[in-house]
Amino acid sequence: VSVYGAPVIGRHGNWLGIIVVFHDITKLIRLEEVRKDFVANVSHELRTPITSIKGFSETLLDGAMEDPQILRDFLEIIQKESDRLHLLVDDLLELSGIEQEGFQLHIREVSLSSIISDAKKIVSGALDKKRMHIIGEVDSTETVQADPDRLIQVMVNVLTNAINYSKAETTIRIATIVSSKGATIVVEDEGIGIDSTELPRLFERFYRVDRARSRDSGGTGLGLAIVKHLIEAHGGTVKVESEKDIGTKFTLFLPNRQI
Ligand code: ADP
């Protein structure tokens, strides 16, 4: 609590009393803590690939590059770490863009099946690599009120996770339900699942259940934070249900609004 006090003086200079203002700043302190955590997380996330790029390039310059196989292996690591940095900076800029006050969505009535098929195309490489499939027919007449580019991005993030956190050759199911209230998109995988104790923190920036696995799959830890921000900017909701070793289900709801 911050306390501020001031004397109250009457018209003739006489002392009337004192005003004391108690200000509850718990929320401010909490916000400051969140900000500090975020900066610490970002620094850590940036430092890891930078340290690796620095270490491997120094070793090469110190003579290791004489061996063509080592040269190739190390350059591949350097490239992979640079890609990670790129992705991380992109996601950070994305998230801060969404949080800016002037952030605007370009909402219009769009075909749900075209959004889903665009997102599927983007993840098709990763999907094929793990010999996975996406099933579920989307009615071509169904529409949703959304910013198409942003909704594609949301779908790509959710599908990428479904691929990354599943075993090879499993299936991802997409279902849609459209009513006068809005559109619901359900994405269900047969993956590793998430323990119920982890679910409440899942949408926090940089929160990962398994840090090593997320890193290996190229995750930045920001995907679901971006999903939540974008869906909420649409006035919608995102829900997750999961069972360990059985699979995970994300339910996205986008309401109809006057447009
Ligand atoms: P990341 O880049 O690490 O995937 P996200 O914000 O997209 O970051 O997800 C946060 C964490 O939630 C992941 O690290 C992972 O532990 C967990 N997660 C997300 N989606 C799934 C899923 N479909 N199945 C299992 N775990 C998931």
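Order of listing sets the numbers, starting from 1, for every ligand and every atom in it.
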Seminar exercise, completed: With heavy atoms and a 4.0 Å threshold, my read on which part of D189 contacts ligand 1 is side chain
Exercise. With distance as the sole test, does H234 use its side chain to make a donor-acceptor pair with the main-chain N or O of P255 at under 3.5 Å?
Worked result: no
For this session: Please check if the side chain of R215 supplies one atom and the backbone of D210 the other of a donor-acceptor pair under 3.5 Å.
Result: no
Problem set entry | For atom 17 (C) of ligand 1, the protein heavy atom that lies nearest, with its residue and separation | L202 CD1, 3.9 Å
Problem set entry | Nearest neighbour in protein (non-hydrogen) for atom 3 (O) of ligand 1 | S214 OG, 2.5 Å
Problem set entry | Y165 N/O under 3.5 Å from ligand 1 N/O | yes
For this session: Please could you name the atoms of ligand 1 that G219 approaches to less than 4.0 Å, counting only its heavy atoms?
Result: 2 (O)
Exercise. Counting both backbone and side chain atoms, is some N or O of L224 under 3.5 Å from an N or O of ligand 1?
Worked result: yes
Problem set entry | Shortest protein contact, atom 19 (C) of ligand 1 (heavy atom only) | N161 ND2, 3.6 Å
Exercise. Should you measure from each heavy atom of T220, which atoms of ligand 1 turn up under 4.0 Å away?
Worked result: 2 (O)
Exercise. Which residue holds the protein heavy atom closest to atom 10 (C) of ligand 1, what is that atom called, and what is the gap in Å?
Worked result: Y207 O, 3.2 Å
For this session: Quick one: look at V209 and ligand 1, take heavy-atom pairs under 4.0 Å, and tell me if it's side chain, backbone, both or neither.
Result: both
Exercise. With distance as the sole test, does D189 use its side chain to make a donor-acceptor pair with the main-chain N or O of T248 at under 3.5 Å?
Worked result: yes
Exercise. Looking at G223, which atoms of ligand 1 are within less than 4.0 Å of one of its heavy atoms?
Worked result: 5 (P), 6 (O), 7 (O)
Problem set entry | Distance-only donor-acceptor check, side chains R72 and Q69, under 3.5 Å | no
For this session: Would you please determine whether N157 falls within less than 4.0 Å of ligand 1 on a heavy-atom basis?
Result: no
Exercise. Does any N or O in the side chain of N157 come within less than 3.5 Å of the main-chain N or O of G223, such that one atom is a donor and the other an acceptor?
Worked result: yes
For this session: Please state whether G221 comes within less than 4.0 angstrom of ligand 1, counting heavy atoms only.
Result: yes
For this session: Using atom types as modelled and distance alone, determine if a side-chain donor or acceptor of S114 lies under 3.5 Å from a backbone N or O of S111.
Result: yes
For this session: Could you tell me whether R213 sits above the aromatic face of Y165, with NZ or CZ closer than 6.0 angstrom to the six-membered ring centre and within 45 degrees of the axis?
Result: no
Exercise. Taking atom CZ of R208 and atom OG of S217, what is their separation to the nearest 0.5 Å?
Worked result: 8.5 Å
Problem set entry | Which segment of F203 sits under 4.0 Å of ligand 1 when only heavy atoms are counted | neither
Exercise. Mind checking whether I194 has an N or O less than 3.5 Å away from an N or O of ligand 1?
Worked result: no
Exercise. Taking it one step at a time, do E232 and R150 satisfy salt bridge (Lys or Arg N to Asp or Glu O under 4.0 Å)?
Worked result: CA-CA 12 Å; E232 287 180 354; R150 302 311 202 166; over 6 Å; no
Problem set entry | 4.5 Å side-chain heavy-atom contact, S43 and V39 | yes
